[in-house]
Amino acid sequence: MNGKRFAVILAGATTLALAIHTPIAAQGIPQAEPAVSPSVGLLGNTSAIAKEAEVWLAELVRINTSNPPGNEEAAAKYVAGLLEKEGFRPELLELTPGRSAVAARLRSAAVADPAKALLLVAHLDVVPVDKSRWTVDPFAAVVKDGYLYGRGAIDDKSMVAANLAVFVALKRSGVRLNRDVIFLATADEETSGDASVKMLIAKYWDKFAAGYAINEGGNVFLKNGKVQYIGVQASEKVAANVAVIARGTSGHASQPTKDNPVVHLATAIAKIGAYSAPVHFTSIVRRYFEGLAPLEDDDIGKWIRSMETSDRGEHAQRVVSDASPLWNSMLRDTIAPTVLSAGVANNVIPAEARANLNVRLLPGDTIDTVLNDLNKLINDPAVKLEVQPNAGLAAPPSSLESDFYNIISKVTSQEFAGAPALPFQSTWLTDSAQLRLHNVQAYGLVPFPTTEEDLRRMHGDDERIPLVSFDKGVDVLAKIVAEFAVAH
Ligand SMILES: [Zn+2]
């Protein structure tokens, strides 16, 4: 099929509605349920607000917030404009010139109780694109075959739009709240730089101080057209970069020497590439695998259950790690060489060769232990390791016993045909780590049912979201927030 014939550039709700009304069955979209009919929750039927939010999502995708440089202020102003029209008093929170977050509040009482407040948080920036590898314009919000394509369609503008939808629905409904609900769209999530949530907290914490938050970080995993499980992120790994530096004597390439740093670096990197750090179970990862084992086929389920047995444990850990890069990374510290640099000319042996290692530590593990193990492994005095500045800080995990966690688990499981909600420790970073360091019980749940294939497009090419999944996610998020924050 020639996809272009069916491409619709979103100009507003009308064209969008036309695109969406193509029968879903004909579009071959993986669906969470046979029919998506938002059941009536405390906020009523959400299908109309979800359609409005599709337009907001499209408009947000069209505002290019590729980071660097970010330029999130344009998106923050767009969001603030929408909120003003709904009668809110949003505040732009400037971080650096051209880079702002935006916050707004729905009050439950005259005096705020930050410890009870619920924060709906998502980020406005996106990772850059390689336009030549996309089949559509990444900033045109093209709707094709029931998907909205564009950078940020999943990560994370859909969550900004869904949070907005729920926030606006709460206001329009006039329901009484039992806690403040705060909308927050952050900047600079993707590079954690000068305009990131860390800076935002340092400058403006009182504007959005909360005891609970829902953010990206976990997902509703679709497999074979059904939701397999809901991963509710309650913890995340910690990133650090380590420079590998090999030094030798520079000289004429016509007379190779034994201390050529290019050769020493390459040997070290080959060893690191073949290395696996030891497995450590955090309590969240243990619970995740306990819940996952019965959902997987008998064979892999059996290996998952055997990972902590004394006789077959090590073999089982290997089988499970080899079966999925995600599982491998949930079980251990990982070390990925990402950048190599050496050489000044084709006929010169350089004095130095360098590589960068991107290390992802399990919460609780330390970079010193990893360095120790790597130094033993490399075993070469010509090669040194140096931790780079701005390593992440481990945050305490969010509680798996809180009311909010229980509500997220209960509502999602009900809404996705009994699929279980499992606690999830993401291998990637989110703004939630900084929130957790400020005593926020932050949970990661992108509520849109998504296949592994579509998840891989985040940060990749042709990022897209199925609009049926978006609508369903808006409804699920509305139910979660209503259950937790509406007085009833
Ligand atoms: Zn993101």
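Both counts, for ligands and for their atoms, begin at 1 and track the order of listing.
Contact annotation: D155 places an N, O or S atom under 2.8 Å from the Zn ion (ligand 1). Under 2.8 Å from the Zn ion (ligand 1) lies no N/O/S atom of D156, from backbone or side chain alike.
An angle of 80° is found at the Zn ion (ligand 1) between E216 atom OE2 and H123 atom NE2, rounded to 10°.
With D333 as the fixed residue, the side-chain contact (heavy atoms from CB on, under 4.5 Å) test singles out one of V279, V238, D365: D365.
Going from atom CD1 of I335 over to atom CD1 of I269 covers 10.5 Å, rounded to the nearest 0.5 Å.
Geometrically, R179 engages Y212 in a cation-pi contact, judged by NZ or CZ lying under 6.0 Å from the ring centre and within 45° of the ring axis.
The salt bridge (charged side-chain N to carboxylate O under 4.0 Å, His left out) contacts involving residues 92-101 comprise E72-R99, R99-D188, where partners must be two or more places apart or lie in separate chains.
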